[in-house]
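Below, each value reflects all heavy atoms present in this structure, side chains not excepted, and no hydrogens, waters or symmetry copies. Both counts, for ligands and for their atoms, begin at 1 and track the order of listing. Counting from 1, the numbers follow the sequence of the chain as shown.
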Amino acid sequence: MALHGVRVLELAGLAPAPLCGLVLADFGAQVVRVDRSPRTAVATDVQGRGKRSLAVDLKQPLGPATLRRLCQKADVLIDPFRPGVLEKLGLGPDILCHDNPKLIYARLTGFGHAGKYAKMAGHDINYLAVSGVLSKLGRKDENPYAPINLLADFAGGGVMCAMGVIMALYERVTSGKGQVIDASMVEGTAYLSSFLWKSQNIGLWNRPRGENLLDSGAPFYETYKTADGKYIAVGALEPQFYAQLISGLGLDSRKLPSQMSFSDWPEMKKMFADIFIKKTQAEWCEIFDDTDACVTPVLTFDDVASHPHNKERGSFLKNDQEEISPRPSPVFSRTPATPSFKRDPFIGEHTKEVLLEYGFTKEEISKLHSLKVIESNNPKANL
Ligand SMILES: C[C@H](CCC[C@H](C)C(=O)SCCNC(=O)CCNC(=O)[C@H](O)C(C)(C)COP(=O)(O)OP(=O)(O)OC[C@H]1O[C@@H](n2cnc3c(N)ncnc32)[C@H](O)[C@@H]1OP(=O)(O)O)[C@H]1CC[C@H]2[C@@H]3[C@H](O)C[C@@H]4C[C@H](O)CC[C@]4(C)[C@H]3C[C@H](O)[C@]12C
């Protein structure tokens with residue numbers, strides 16, 4: 001696996017940092033999630049695949065020292081907290097990177113570690129808003145609309161941070177040095193939108209929100225309801241593909257306005273909608289599958305894994321709890337990801353095992369236990 005042997009400490013956070021840890025774990029890193037006490041914390045991380053959990057109370061006098069020692073043997077630390085939190089605990093980069101100059105100290109926040117908003121609480125929708133991207137999302141005459149928390153939390157946050165970690169690991173091979181990564185979800189999301197910025201001059205976004213080519217303005221880049229209450233996605237942008245769409249819909253292009261006639265788009269949408277509603281999703285798939293009309297079913301989570309295309313590629317996997325989830329992407333030819341098929345870890349399930357691995361003695365572990373600095377949660381013992 002690509003990241004075999006890389007030791008990661010992921011301080012338990014809300015959503016973006018857990019995805020960053022999940023990606024690193026899927027591709028072979030040994031990821032330890034550093035949790036709070038199982039007595040006070042409720043397990044909310046649903047992205048724990050392939051990770052182990054160590055519970056340490058950073059508010060106990062010996063808590064920070066325990067984490068500091070772990071960091072001496074780690075390659076990567078993922079910090080998901082508000083700026084200043086780890087500094088207050090004496091665990092800032094100046095200290096940890098001095099102890100371990102090879103450490104990659106990845107800080108994943110909403111607004112970044114400097115700037116007016118740096119210390120303010122926020123969530124995906126706020127970061128998306130400040131990135132400028134939210135202003136582009138949404139239908140005509142409606143308020144801007146955040147597509148769940150996919151963009152800032154995960155794409156601009158978790159994935160960008162994982163990419164930063166991997167680049168820093170690559171650079172470390174030659175320099176022998178770690179570094180601090182300031183991954184801001186605002187900037188990660190803005191960076192993702194580079195195409196939007198760079199394509200302004202070619203007229204792609206001249207019209208108000210919801211009236212442009214790719215933002216639900218165009219009839220040939222839209223979703224339509226089908227007779228069975230399902231949906232179809234249409235993305236027939238290029239003229240040759242648009243021609244196939246028109247033919248599949250049973251229309252005569254000679255009787256239609258030109259594809260790029262903006263003023264006709266609202267009428268054309270109505271016409272397409274009236275046609276799509278007459279057949280079921282499966283019937284439309286019969287017509288459009290294996291053509292270049294760029295028409296595909298909008299699959300729900302219930303049917304996505306069993307769709308013939310996804311099934312053939314094995315795009316979704318089932319773990320030993322019968323839970324289905326997407327398999328890691330991309331697919332490598334020589335060193336593929338080997339995601340764990342086991343259930344996610346319980347908080348504190350691997351405390352002792354991890355501490356032993358990081359060089360703590362049994363006596364030290366017992367002492368930390370008795371002082372309630374660390375906690376163990378052995379699921380077998382609970383049965
Ligand atoms: C599913 C929901 C989550 C959705 C994701 C959402 C849309 C996002 O956008 S996530 C992105 C959030 N932003 C960031 O991550 C940016 C960086 N981080 C921050 O800015 C902040 O961390 C913060 C704003 C996110 C949170 O601020 P907070 O003040 O809480 O924390 P910090 O300032 O960072 O300080 C951390 C403090 O914690 C101490 N700490 C840390 N580790 C330890 C430790 N091991 N031991 C001791 N102490 C520790 C640290 O020292 C700091 O202390 P100080 O402050 O003293 O310095 C879910 C969101 C809400 C969930 C629901 C909710 O919880 C209620 C229910 C609970 C129930 O159990 C389950 C159902 C719920 C309804 C639950 C359901 C879902 O999980 C949620 C909806």
Side-chain angles (χ1 to χ4, degrees), residues 9-22 32-48 53-71 77-92 105-131 133-134 145-162 181-189 344-351 354-355 368 371-377:
L9 296 172
E10 173 201 316
L11 302 179
L14 269 184
L19 177 74
C20 178
L22 175 83
V32 173
R33 194 180 65 209
V34 180
D35 282 304
R36 294 161 195 242
S37 154
R39 281 176 296 117
T40 55
V42 185
T44 53
D45 180 11
V46 291
Q47 301 174 98
S53 165
L54 169 145
V56 51
D57 186 348
L58 295 174
K59 293 290 168 60
Q60 290 290 333
L62 288 179
T66 305
L67 181 59
R68 182 171 171 179
R69 208 167 134 191
L70 287 163
C71 288
L77 174 71
I78 305 173
D79 163 20
F81 303 129
R82 212 191 287 251
V85 165
L86 287 184
E87 280 81 352
K88 254 193 304 181
L89 294 165
L91 296 168
Y105 193 126
R107 320 198 84 174
L108 177 50
T109 58
F111 300 110
H113 268 257
K116 177 177 160 61
Y117 284 173
K119 293 204 170 174
M120 216 164 74
H123 291 103
D124 170 276
I125 194 166
N126 308 113
Y127 314 140
L128 193 58
V130 177
S131 76
V133 174
L134 185 54
Y145 171 78
I148 316 185
N149 60 332
L150 284 170
L151 276 181
D153 273 1
F154 298 122
V159 173
M160 284 293 179
C161 187
I181 299 174
D182 176 3
S184 135
M185 291 183 240
V186 170
E187 289 165 3
T189 313
D344 289 2
F346 294 123
I347 290 182
E349 184 173 350
H350 307 96
T351 299
V354 170
L355 289 174
L368 291 172
L371 292 172
K372 297 215 176 324
V373 176
I374 56 166
E375 296 214 28
S376 289
N377 183 5

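For the pair H350 and P345, the tightest heavy-atom approach, listed with the atom from each and the gap, is CE1-CB, 3.7 Å. Closest approach of G158 to C20, counting heavy atoms only: O-CB, 3.5 Å.
Looking only at atom types and distance, the side chain of D35 has a donor-acceptor partner in the side chain of S53 under 3.5 Å away.
Applying the side-chain hydrogen bond (donor to acceptor under 3.5 Å, both in side chains) test to pairs two or more places apart or on separate chains, those with a residue in residues 146-160 are N149-D153.
For the atom pair M160 CE and T189 OG1, the distance stands at 7.5 Å (nearest 0.5 Å).
Within 4.0 Å of ligand 1, protein heavy atoms come from L14, A15, P16, D35, R36, V42, T44, V56, D57, L58, K59, P80, F81, R82, V85, K88, L89, L108, T109, G110, A121, G122, H123, D124, Y127, N149, D153, M185.
Between E10 and D45 there is a side-chain heavy-atom pair separated by less than 4.5 Å.
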